[in-house]
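Before we start, here is the structure in question, set down as structure tokens.
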Number of protein chains: 2
Amino acid sequence: MSLTHALLGFLGYQPMTGYDLKQRFDRSIYYFWNAKLSQIYPTLSKMKEEGWLTMEVEHQEDRPNRKVYSITAAGREELHRWLREPAAVAPIRDTFLIKIFFGGKLEKEEMLAQLRHHLALHQEQLAAYQETVRETIRQNVKATGQEREGFFWGLTLDRGIEYEDGWIEWCQEAIAKIETNFK
Amino acid sequence: MSLTHALLGFLGYQPMTGYDLKQRFDRSIYYFWNAKLSQIYPTLSKMKEEGWLTMEVEHQEDRPNRKVYSITAAGREELHRWLREPAAVAPIRDTFLIKIFFGGKLEKEEMLAQLRHHLALHQEQLAAYQETVRETIRQNVKATGQEREGFFWGLTLDRGIEYEDGWIEWCQEAIAKIETNFK
DNA sequence: AACCCCATGTAAGGCGTTACATGATTTC
DNA sequence: GAAATCATGTAACGCCTTACATGGGGTT
């Protein structure tokens, strides 16, 4: 399970609650992995039973108590084992490509509308990466001094940017082809 | 549900059995969508109850009977409606990127092994697209005369190739960066 | 007054995979 | 003799999303 190992990864930096972990997801790896709180909480419980985490309750007066999880030696070993294990290529599973594949059923203008809409979405995503995500990484490296880690965070971001760039170019080419040679 | 609409799409070309449909998936769109027979069969049943398909049993002597499904007018309308509906961007969900993100925990050589392995997988995938898939499309257009359809099949393949190319370049750059400036 | 933040969960349902079940014919 | 092809399914399980449940404190 990948969620388990992503949680181990973040807890390798420092002890945290499920709520904190959700925020880490939302602010860093959200563009290639995410989970809802309703999945994170039970997963943390199971990981504790597995012996990969320990938990301590931090009592608070005007807010709900915090359950702070820490990674154990067994947890670090499991993370390291998983990180070295060869990874399979992730399947694409993109419904948009199904729509393109059967695009012969659409009128020229209907198809162009789909493509233009998708182009806009990817352009937005790209802008978010270049502004928000890059800046988040910079601040994190500055605040924690994790330079080696920051290098790898940057690599995943580079891949995200290349991915969006690829989509944008493909959309633009597809639009051009349909506009000029079609119908 | 996207499986439903992919099935409608293929049945829009001609009536088929679940078994035939599985082969269509495996030979054309497998690189961005697929399904097992154990999911296809019950889905076809539901689609029939929904009124999008009709079914006729073709009796065979030495083999199991074939259940041939045909798309109805309602099915075609549903397909068309779905094709026009704006598509959201597919989430990436790539466990390999999680491994990269937490790559600071690995030794230089462990990380290079991961990257080289992944590079090889994407190179294989790319080769398959350029040989097998491109050829399958060519033959299909030739056999059925579906030139307009063939254009869109080609678009999805272009995207697949660009996707693999992107990964290959990224892997090569990542390997180079780690080999020269690291540890 | 309405909404967001903090902080924890449970329950139901959807989509997908893996395993189980059957069985004749053809190909290596 | 073993494996693949044809042809249909059911059952159990895993991962994930959505909805439900609680409730005080701060912000607009």
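Keep in mind the model is a prediction, meaning the values are calculated, not measured. We name chains A, B, ... by the order of the sequence lines, and we start the count at 1 in each one.
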Look for any protein N or O under 3.5 Å of an N or O in nucleotides 12-16 of chain D and output each such pair with its distance, or none.
from, atom 1, to, atom 2, distance (Å)
dC16(D), OP1, R93(B), NH1, 2.7
dC16(D), OP2, Q39(A), NE2, 2.4
dC16(D), O5', Q39(A), NE2, 3.3

### Task
Check whether Y19(A) and L11(A) end up in the same hydrophobic cluster, where Ile, Leu, Val, Met, Phe, Trp and Tyr are linked by side-chain heavy atoms less than 4.5 Å apart.
no

#### Entry: side-chain N/O T17(B) vs dT8(D) OP1/OP2, d < 4.0 Å
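Looking at the OP1 and OP2 atoms of dT8(D), one of them is under 4.0 Å from a side-chain N or O of T17(B).
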
### Task
Start with the C-alpha gap between L7(B) and L53(B), add the side-chain angles, then the distance that decides, and say whether side-chain contact (heavy atoms from CB on, under 4.5 Å) holds.
CA-CA 10 Å; L7(B) 293 169; L53(B) 305 179; over 6 Å; no

### Task
Could you note down all residue pairs passing side chain to side chain donor-acceptor pair (under 3.5 Å) where residues 119-129 of chain B supplies at least one of them, sequence neighbours left out?
H118(B)-H122(B), H122(B)-E164(B)

### Query
Which pairs pass salt bridge (charged side-chain N to carboxylate O under 4.0 Å, His left out) with one or both residues in residues 16-45 of chain A, sequence neighbours excluded?
D20(A)-R66(A), K22(A)-D26(A)

### Query
Where do R81(A) and E78(A) land on the salt bridge (Lys or Arg N to Asp or Glu O under 4.0 Å) test, with the steps shown first?
CA-CA 5 Å; R81(A) 186 200 63 72; E78(A) 172 55 24; 2.8 Å; yes

### Query
Taking atom P of dA7(D) as reference, at what distance in whole Å does atom CG of L44(B) sit?
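Spelled out: CG on L44(B) to P on dA7(D) is 15 Å.
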
Could you list all N or O pairs between the protein and nucleotides 26-28 of chain D that sit under 3.5 Å apart?
none

### Outermost nucleotides of DNA chain C that come under 4.0 Å of a non-hydrogen atom of chain B
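Going 5' to 3' along DNA chain C, contacts run dC15(C) to dT25(C).
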
### Query
Is the distance between the ring centroids of W167(A) and F96(A) under 6.0 Å?
yes

### Query
For H5(A) and F102(B), what are the C-alpha separation, side-chain angles and deciding distance, and is it a side-chain contact (heavy atoms from CB on, under 4.5 Å)?
CA-CA 10 Å; H5(A) 295 94; F102(B) 295 112; over 6 Å; no

### Summary
Rounded to whole Å, CD1 of I40(B) lies from C1' of dA7(D) at a distance of 13 Å

## Note on the structure
To the nearest angstrom, the CG-C1' distance between D26(B) and dC6(D) comes to 14 Å

#### Entry: Terminal axes of the helix from dA1(C)-dT28(D) to dC28(C)-dG1(D) (five pairs each): angle between them, nearest 10 degrees
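The end-segment axes of the helix from dA1(C)-dT28(D) to dC28(C)-dG1(D) are tilted 40° relative to each other.
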
### Task
Could you check S38(A) against N65(A) and say which one's nearest nucleotide on DNA chain C is further toward the 5' end?
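Checking each residue's closest nucleotide, the 5'-ward one belongs to N65(A).
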
### Query
Cation over ring, R159(A) on F152(A), under 6.0 Å and within 45°?
no

### Query
Which atoms form the tightest heavy-atom contact between T72(B) and T54(B), and what is the distance?
CG2-CG2, 3.7 Å

### Task
Measure from CG on L37(B) to P on dT8(D) and round the result to the nearest Å.
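The answer, rounded to whole Å, is 8 Å.
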
#### Entry: Interatomic distance where NZ belongs to K22(B) and C1' belongs to dT5(D) [whole Å]
14 Å

### Summary
What one should report as the nearest heavy-atom pair of L121(A) and A87(B) is CD1-O, 3.7 Å

### Task
Is it possible for you to say whether W33(B) and V89(B) belong to one hydrophobic cluster, with membership spreading through side-chain heavy-atom contacts below 4.5 Å?
no

### Message
Please classify the nucleic acid contact of Q23(B) as base, sugar-phosphate, or nothing, using heavy-atom distances under 4.0 Å.
### Response
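The residue Q23(B) makes sugar-phosphate contact but no base contact.
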
## Note on the structure
Closest non-hydrogen atoms of Q114(B) and K99(B), given as atom of the first, atom of the second and distance, are NE2-CD, 3.7 Å

### Query
Do Q146(B) side-chain atoms and G150(B) backbone N/O form a donor-acceptor pair below 3.5 Å?
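Pair absent, no side-chain N/O of Q146(B) close to backbone of G150(B).
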
